[in-house]
Amino acid sequence: MNKNKVILITHSKDNGSIEAVSEYLNARGVEAIRLNTDLFPTEVQVETHQTNTGNTSVLVTETGHTANADEIHSVWYRRFYPGKGLPKDMDPQFKNPSVEESKRTLLGYLDSLPCFKLDDYWQVRHASNKEYQLILARQVGLNLPATLTTNSPSAVRDFFHRYNGNIITKMQTAFSIWQDDVEQVVFTNKVEESHLDKLEQLNLCPMVFQQHIEKEVELRATVVGNQVFCASINPEIMKGMETDWRKKGSHTLQQWQPFTLPDDITQKLIQLATKLNLNYGAADLILTPEGEFKFLEINPCGEFYWMDIYQQLGISQAIAKNLLSHGR
């Protein structure tokens, strides 16, 4: 059977990147099938059959699109929210197991597909480990700020004084805290000396502490295969984004500028992605006033689409080409 279908793993409220990649694929005779994971198991269905003679699998989306395993050329893993569409008033003692079973079933389905994946779920999870990233980044020659991940108050105090109080703190993962139905996003923040007396709360949640680096510009470098697409933003363009551009992110999307990285930095980012077994990654870097490039992290599923809309970088097209280039 002709492998002429690509599965796009996402959710029903994702941005236009899904349509942009789908349009490119469809124009080349490949059917892009959107798998909205938040609609599983309520509206999307999967079947995986295991017998002594082999295994087969079938996907049926909420729109009626179907795909057999032997029709699937490749998979784009972007977002994964199984069980999010379950009834809000469902009893937690049943809802929680349902979410877990939905996750395991979808992962089993994805693992059963004998095709190229951009990227494999388990490689994405492994590559998301920040400590592991930094070790590999150093190995390929990227310059790093000193970083401490800990739940030890004394270690933080020593770190603070070692860098003359010039450190910031952030979390390993992006998340929000809700207060009175208002979303409070947790961002990167400067550590003040007064904070050193409040570190006992680390016994409830560890944090990441990092040497604060002066910024000429902040960079988002998106790796797709053997290509890197980069844009920059001046952190002084708007008050309140000095330590974290995301604090004003929605107000600055048009302010980013295409940026050409030095070839050696480009090659090191590609090497890092390769070591992490990634075909895609969104890396954050800082260019210092002295002209040094400091690597912060790489997100295996980091956002990119605003740079296609406003900076016309062509990342969606590169992703689609990468999905088509493997196995052909």
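For reference, positions follow the sequence shown, starting with 1.
Contact record, Cys115 with His73: CB-O, 3.5 Å, taken as the closest heavy-atom pair. Across every non-hydrogen atom of Ser316 and Val21, the tightest pair is O-CG2, 3.6 Å. Closest of all the heavy-atom pairs between Pro97 and Pro92 is CD-O, 3.9 Å. Contact between Ala69 and Leu113 at its shortest, heavy atoms only, is CB-CD2, 3.9 Å. Between Leu219 and Trp256, the closest heavy-atom pair is C-CZ3, 4.4 Å. Residues Leu296 and Leu134 approach most closely at O-CD2, 3.7 Å, considering heavy atoms.
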Between Leu106 and Val44, is the side chain to side chain contact (heavy atoms under 4.5 Å, CB included) condition met? List the steps. CA-CA 11 Å; Leu106 271 189; Val44 171; 5.8 Å; no

Dump the intermediate steps for side chain to side chain contact (heavy atoms under 4.5 Å, CB included) on Ser98 and Met90, then the final yes or no. CA-CA 10 Å; Ser98 179; Met90 188 174 176; 4.1 Å; yes

Applying side chain to side chain contact (heavy atoms under 4.5 Å, CB included) to Leu261 and Leu269, what does each step give before you reach the verdict? CA-CA 10 Å; Leu261 285 168; Leu269 289 173; 3.9 Å; yes

Apply the test salt bridge (charged side-chain N to carboxylate O under 4.0 Å, His left out) to residues Asp70 and Lys3: give CA-CA distance (whole Å), side-chain angles for both, the deciding distance (0.1 Å), then the verdict. CA-CA 6 Å; Asp70 53 6; Lys3 290 180 174 288; over 6 Å; no

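With Tyr280 contributing its side chain and Gly302 its backbone, the two residues share a donor-acceptor pair below 3.5 Å. At least one donor-acceptor pair under 3.5 Å links the side chain of Gln133 to the backbone N or O of Ala127. Between the side chain of Glu297 and the backbone N or O of Ser128 there is no donor-acceptor pair closer than 3.5 Å. No donor-acceptor pair closer than 3.5 Å links the side chain of Asn277 to the backbone N or O of Gln123. Within the 3.5 Å criterion, the main-chain N or O of Tyr81 finds no donor-acceptor partner in the side chain of Asp38. A donor-acceptor pair under 3.5 Å links the side-chain atoms of Lys117 to the main chain of Leu110, judged by distance alone. No donor-acceptor pair under 3.5 Å is formed between the side chain of Thr61 and the backbone N or O of Leu59. Checking side-chain atoms of Asp91 against main-chain N and O of Gln93 turns up a donor-acceptor pair under 3.5 Å. Within the 3.5 Å criterion, the main-chain N or O of Gly54 finds no donor-acceptor partner in the side chain of His49. Put simply, the side chain of Glu43 never gets that close to the backbone of Phe40: no donor and acceptor are under 3.5 Å apart.
Atom-to-atom distance recorded for Leu39:CG and Ser102:OG is 11.5 Å, nearest 0.5 angstrom. Rounding to the nearest 0.5 Å places CD of Glu47 at 10.5 Å from OH of Tyr109. Lys268 contributes atom NZ, which lies 15.0 Å from atom CG of Leu136 (distance to the nearest 0.5 angstrom). Considering CG of Asn299 and CG of Leu278, their distance stands at 9.5 Å, rounded to 0.5 Å. In this structure, the separation between NZ on Lys95 and CD on Glu100 is 14.5 Å, given to the nearest 0.5 Å. Summarising the geometry, atom NZ belonging to Lys130 is positioned 8.0 Å from atom NZ belonging to Lys170; distances are rounded to the nearest 0.5 Å.
With respect to Arg34, the side chain to side chain contact (heavy atoms under 4.5 Å, CB included) criterion is satisfied by exactly one of Glu62, Glu19, His11: Glu19.
The shortest distance between side-chain heavy atoms of Asn55 and Thr48 does not fall below 4.5 Å. With contacts defined as side-chain heavy-atom distances shorter than 4.5 Å, the pair Phe229/Asp308 does not qualify. A heavy-atom distance below 4.5 Å is not found between the side chains of Trp306 and Gln254. Within the 4.5 Å cutoff, the side chain of Phe304 has no heavy atoms near those of the Val224 side chain. The shortest distance between side-chain heavy atoms of Lys103 and Phe80 falls below 4.5 Å. Residues Ile9 and Val75 form a side-chain contact, since some pair of their non-hydrogen atoms from C-beta on lies under 4.5 Å apart. Inter-residue side-chain proximity for Asn15 and Glu303 is flagged as met; some heavy-atom pair is nearer than 4.5 Å. The shortest side-chain heavy-atom distance between Lys294 and Asn143 falls under the 4.5 Å cut-off.
Within 6.0 Å of CZ on Arg162 lie more than 12 heavy atoms contributed by other residues, nucleotides or ligands. Counting non-hydrogen atoms of other residues, nucleotides and ligands closer than 6.0 Å to NZ of Lys84 gives a total of 12 or fewer. Heavy atoms of other residues, nucleotides or ligands lying less than 6.0 angstrom from CD of Glu23 number 12 at most.
Phe159 and Ile213 fall into different hydrophobic clusters, defined by Ile, Leu, Val, Met, Phe, Trp and Tyr side-chain heavy atoms under 4.5 Å apart, directly or through other members. Cluster annotation: Val208 and Tyr163 are assigned to distinct hydrophobic clusters (Ile/Leu/Val/Met/Phe/Trp/Tyr, side-chain heavy-atom contacts under 4.5 Å, transitive). Hydrophobic clustering (side-chain heavy atoms under 4.5 Å, transitive across Ile, Leu, Val, Met, Phe, Trp, Tyr) groups Trp76 together with Tyr305. Under a hydrophobic-cluster definition in which Ile, Leu, Val, Met, Phe, Trp and Tyr are linked whenever side-chain heavy atoms come within less than 4.5 Å, directly or via other members, Leu324 and Leu118 are assigned to the same cluster.
Side-chain contact check for Ser232 and Gln257: no donor-acceptor pair (N or O, by modelled atom type) lies under 3.5 Å.
The aromatic rings of Tyr121 and Tyr77 sit perpendicular to each other, their planes meeting at more than 60°, with 30° as the lower class boundary.
Applying the side-chain contact (heavy atoms from CB on, under 4.5 Å) test to Asn26 and every residue at least two apart in sequence or in another chain returns Ser22, Ala32.
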